[in-house]
Each structure stands twice: as C-alpha cells, then as structure tokens.
Amino acid sequence: MSRPILVVSASRHAGGAHVAHQLAHHPDVHPVHARALGGTASTGVRTPDRARSLSLIDAPHDLDPLIGPLPEVDVVLVVREGLDTIAAARRDGIGFETAMHEWRTGTRAILTLIGKPLLPRVRVQLVHYERFVEEPVGTGSSLAAWLGLPSAAGPIGWTKVVHDARNDSGSDLTALERARFACASATHARALGYPVPPIRPALAPLAVAIEVGFALHRAFGRLLA
C-alpha cells in the first residue's frame with residue numbers, strides 16, 4: 001500500500017481545498033475523499049496500485065482519531081490568516097461566529113499536532129496558504145518534493161489564486177469583529193506567525209464581554225448535549 005496523503009485545512013476557507021485540488025492533478029495521486037468537515041479520512045474507496053491516496057479534512061476538532069488508524073501517512077497542514085479566512089467564509093454566506101469558531105477549532109487541532117512528538121510513521125508539513133497565492137509554482141513544487149512525488153511522472157499545473165480584494169480581505173470586517181478576533185484568537189494567530197489586529201481601547205471591554213458570553217454559551221451547550 002502506498003503512503004497516503006492527508007490534507008488538513010484549518011477551516012473550509014483556509015485554502016486546503018485548493019492545495020488538495022492541485023495535488024490531485026499529479027498522476028501518482030488518487031483523490032478518495034473530496035471533503036469532510038471535521039470528519040474521517042477513511043472512505044472505503046480502493047486506491048489504484050502504486051497511487052498515493054489523497055483525502056481532505058476541514059476544521060478538525062482532533063487529528064489523533066484521523067491519523068491513529070493509518071499505518072503511515074504524510075499530513076499536509078494548510079493554514080491561512082484568520083481574518084482573511086473569515087472574510088472568505090462570509091463571501092459564501094457563513095456568519096462571523098461560525099467562521100471564527102471553525103478557524104479557531106481547526107488551528108487548535110493543528111497546533112496540538114505539531115506541538116507534540118510524532119511517531120516516525122507520521123510526517124507533517126505546515127503550509128501557509130498565502131505562499132501559494134504569492135508563489136504557486138515554487139511553493140507547490142517544494143511540497144511535491146517533500147511528498148516524494150516524482151517530477152518525471154508529469155508536472156503539477158500549479159495555478160495562481162485570484163482573489164477579490166474586497167471580499168477576501170480581513171480589513172473588510174468591522175472594527176468590533178476584528179477586536180473580537182483579537183481577543184479570542186490572538187494566541188493561535190501568533191503561534192502560526194500571523195499578526196494580531198490592534199484593538200481600539202473603547203471596544204476592548206465589549207469585545208471581551210461578547211467572547212466570554214459565547215464561551216459560556218458553548219460550555220453550557222456541551223454540558224446539555
């Protein structure tokens with residue numbers, strides 16, 4: 001059995017789908033799962049002999065159950081700046097609360113994985129989606145080389161991502177939304193090397209109060225579930 005490839009996206013709009021789509025163009029890669037929100041990497045679809053199976057997982061809550069059953073795996077962790085991710089989600093009709101919670105949940109799972117010792121059978125590569133936007137060919141080729149995909153089998157057609165600057169930029173969010181993100185997600189953002197937006201002093205107490213309220217709401221929801 002060839003070593004499977006698992007692409008993990010911090011959220012549905014963090015760029016994992018684009019990276020997986022590009023990898024799927026390689027003749028030695030066989031996609032077996034198009035998308036699973038926090039789901040399982042097991043699909044029951046047989047991969048052709050010698051081909052590398054490719055699965056995509058969005059916004060995982062915990063990566064251990066996904067990786068544990070696999071005898072060996074290459075994991076590509078795709079992250080994107082939080083505010084831009086939320087803005088892209090809004091473009092697709094996803095609300096701020098859902099988008100921010102999804103990004104924070106997915107990045108927490110990714111940071112947990114890369115922050116602990118891994119067995120030799122598990123290889124992990126962290127990929128910043130912005131690098132695919134800025135330099136798709138170089139970034140994509142480096143990733144393919146890390147995965148051991150032979151260039152002789154045919155080049156991957158890495159394509160440049162085109163964004164609508166108005167709808168895909170975190171600067172389009174309101175000042176309160178940016179303040180709430182900074183209060184709730186600053187630790188995750190900094191750990192991934194992303195800047196944290198400044199909070200207007202007048203908005204800080206309100207942003208903190210809202211996030212505390214939502215945290216309590218989620219905690220009670222888990223207790224009642």
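Just the heavy atoms: all of them, side chains too, but no hydrogens, waters or symmetry mates, feed the values below. Positions are given from 1, in the same order as the sequence printed here.
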Novice: Show, in sequence, the C-alpha distance, side-chain angles and deciding distance for R3 and D74, and conclude whether the salt bridge (charged side-chain N to carboxylate O under 4.0 Å, His left out) test is met.
Specialist: CA-CA 7 Å; R3 191 179 184 92; D74 285 342; 2.5 Å; yes
Novice: Can you find a pair of side-chain heavy atoms, one from L63 and one from T112, that are under 4.5 Å apart?
Specialist: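 L63 vs T112: side chains apart.
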Novice: Output yes when a side-chain donor or acceptor of T139 lies under 3.5 Å from a complementary backbone atom of R131, and no otherwise.
Specialist: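 Answer holds: yes.
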Novice: To check you understand the geometry: which heavy-atom pair defines the closest contact between P4 and R52, and what is its length?
Specialist: O-NH2, 4.2 Å
Novice: If you take all heavy atoms of V29 and L23, which pair is closest and at what distance?
Specialist: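 Answer, listing the atom of V29 first, then L23: CB-O, 3.5 Å.
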Novice: May I have the step-by-step check of side chain to side chain contact (heavy atoms under 4.5 Å, CB included) for L143 and F132, ending in yes or no?
Specialist: CA-CA 10 Å; L143 178 59; F132 271 94; 4.0 Å; yes
Novice: Could you state the interatomic distance from CD1 (I5) to OG (S53), rounded to the nearest 0.5 Å?
Specialist: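 Atom-to-atom, I5:CD1 and S53:OG are 7.5 Å apart.
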Novice: Are any side-chain N or O atoms of S9 and backbone N or O atoms of G16, one a donor and one an acceptor, separated by less than 3.5 Å?
Specialist: yes
Novice: For the pair S141 (side chain) and V137 (backbone), establish whether a donor and an acceptor sit closer than 3.5 Å, ignoring hydrogens and angles.
Specialist: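 It does hold such a pair.
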Novice: Give the minimum heavy-atom separation between E102 and S11, together with the two atoms involved.
Specialist: OE2-CB, 3.3 Å
Novice: Between CE of M100 and CD1 of I86, what distance do you get to the nearest 0.5 Å?
Specialist: 6.0 Å
Novice: Do side-chain atoms of H128 reach the backbone of L192 as a donor and acceptor pair under 3.5 angstrom?
Specialist: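 Such a contact is found between H128 side chain and L192 backbone.
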Novice: Minimum heavy-atom separation for V78 to A14, with atom names?
Specialist: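 Where V78 meets A14 most closely, the heavy atoms are CG1-O, 3.6 Å.
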Novice: Is it true that V76 and V133 fall in one hydrophobic cluster, defined by side-chain heavy atoms closer than 4.5 Å?
Specialist: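 Yes, because V76 and V133 connect within a single hydrophobic cluster, where side-chain heavy atoms sit under 4.5 Å apart.
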Novice: For residues 59-69, which residue pairs pass the salt bridge (Lys or Arg N to Asp or Glu O under 4.0 Å) check, not counting sequence neighbours?
Specialist: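 Checked against salt bridge (Lys or Arg N to Asp or Glu O under 4.0 Å) - neighbours excluded - the pairs reaching residues 59-69 are D64-K116.
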Novice: Once you round to the nearest 0.5 Å, how far does CG of D84 lie from NE2 of H13?
Specialist: 12.5 Å
Novice: Can we say D92 and R12 salt-bridge, meaning some charged N sits less than 4.0 Å from an Asp/Glu carboxylate O?
Specialist: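 No salt bridge links D92 with R12.
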Novice: What are the two closest heavy atoms between P195 and A189, and how far apart are they?
Specialist: O-CB, 4.4 Å
Novice: Using the side chain to side chain donor-acceptor pair (under 3.5 Å) definition, which of the options E130, E81, R80, H188 pairs with Y194?
Specialist: E130
Novice: Which heavy atom of V196 sits nearest a heavy atom of A182, and at what distance?
Specialist: CG1-CB, 3.8 Å
Novice: Looking only at atom types and distance, does a side-chain atom of R180 sit under 3.5 Å from a main-chain N or O of A175, one as donor and one as acceptor?
Specialist: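 Judged by distance alone, no pair lies under 3.5 Å.
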Novice: Does L83 belong to the same Ile/Leu/Val/Met/Phe/Trp/Tyr cluster as I94, with side-chain heavy atoms less than 4.5 Å apart forming each link?
Specialist: no
Novice: Under the side chain to side chain contact (heavy atoms under 4.5 Å, CB included) rule, what do V124 and V122 come out as? Steps first, then yes or no, please.
Specialist: CA-CA 7 Å; V124 172; V122 179; 4.0 Å; yes
Novice: List the steps, then state whether side chain to side chain contact (heavy atoms under 4.5 Å, CB included) holds for R90 with E177.
Specialist: CA-CA 12 Å; R90 173 171 289 177; E177 288 170 337; 2.4 Å; yes
Novice: Checking R123 against W146: charged group under 6.0 Å from the ring centre and within 45 degrees of the axis?
Specialist: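 Yes, cation above the ring, under 6.0 Å and within 45°.
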Novice: Roughly how far apart are F181 CZ and W103 CH2, rounded to 0.5 Å?
Specialist: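 Nearest 0.5 Å value for the CZ-CH2 distance: 4.0 Å.
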Novice: For the CZ atom of R178 and the CZ atom of F96, what is their distance to the nearest 0.5 Å?
Specialist: 10.5 Å
Novice: Just grab all the salt bridge (Lys or Arg N to Asp or Glu O under 4.0 Å) pairs involving residues 105-114, residues at least two apart or on different chains.
Specialist: none
Novice: Rounded to the nearest 0.5 Å, what's the gap from CD1 on I57 to CD1 on I67? Could you check?
Specialist: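 Rounded to the nearest 0.5 Å, the CD1-CD1 separation comes out at 10.0 Å.
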Novice: Checking L66 against V8 for the side chain to side chain contact (heavy atoms under 4.5 Å, CB included) test, could you report, in this order, the C-alpha distance in whole Å, the side-chain angles of both residues, the deciding distance, and whether it holds?
Specialist: CA-CA 10 Å; L66 305 178; V8 177; 5.7 Å; no
Novice: Does R104 offer a backbone N or O that forms a donor-acceptor pair with the side chain of T107 under 3.5 Å?
Specialist: yes
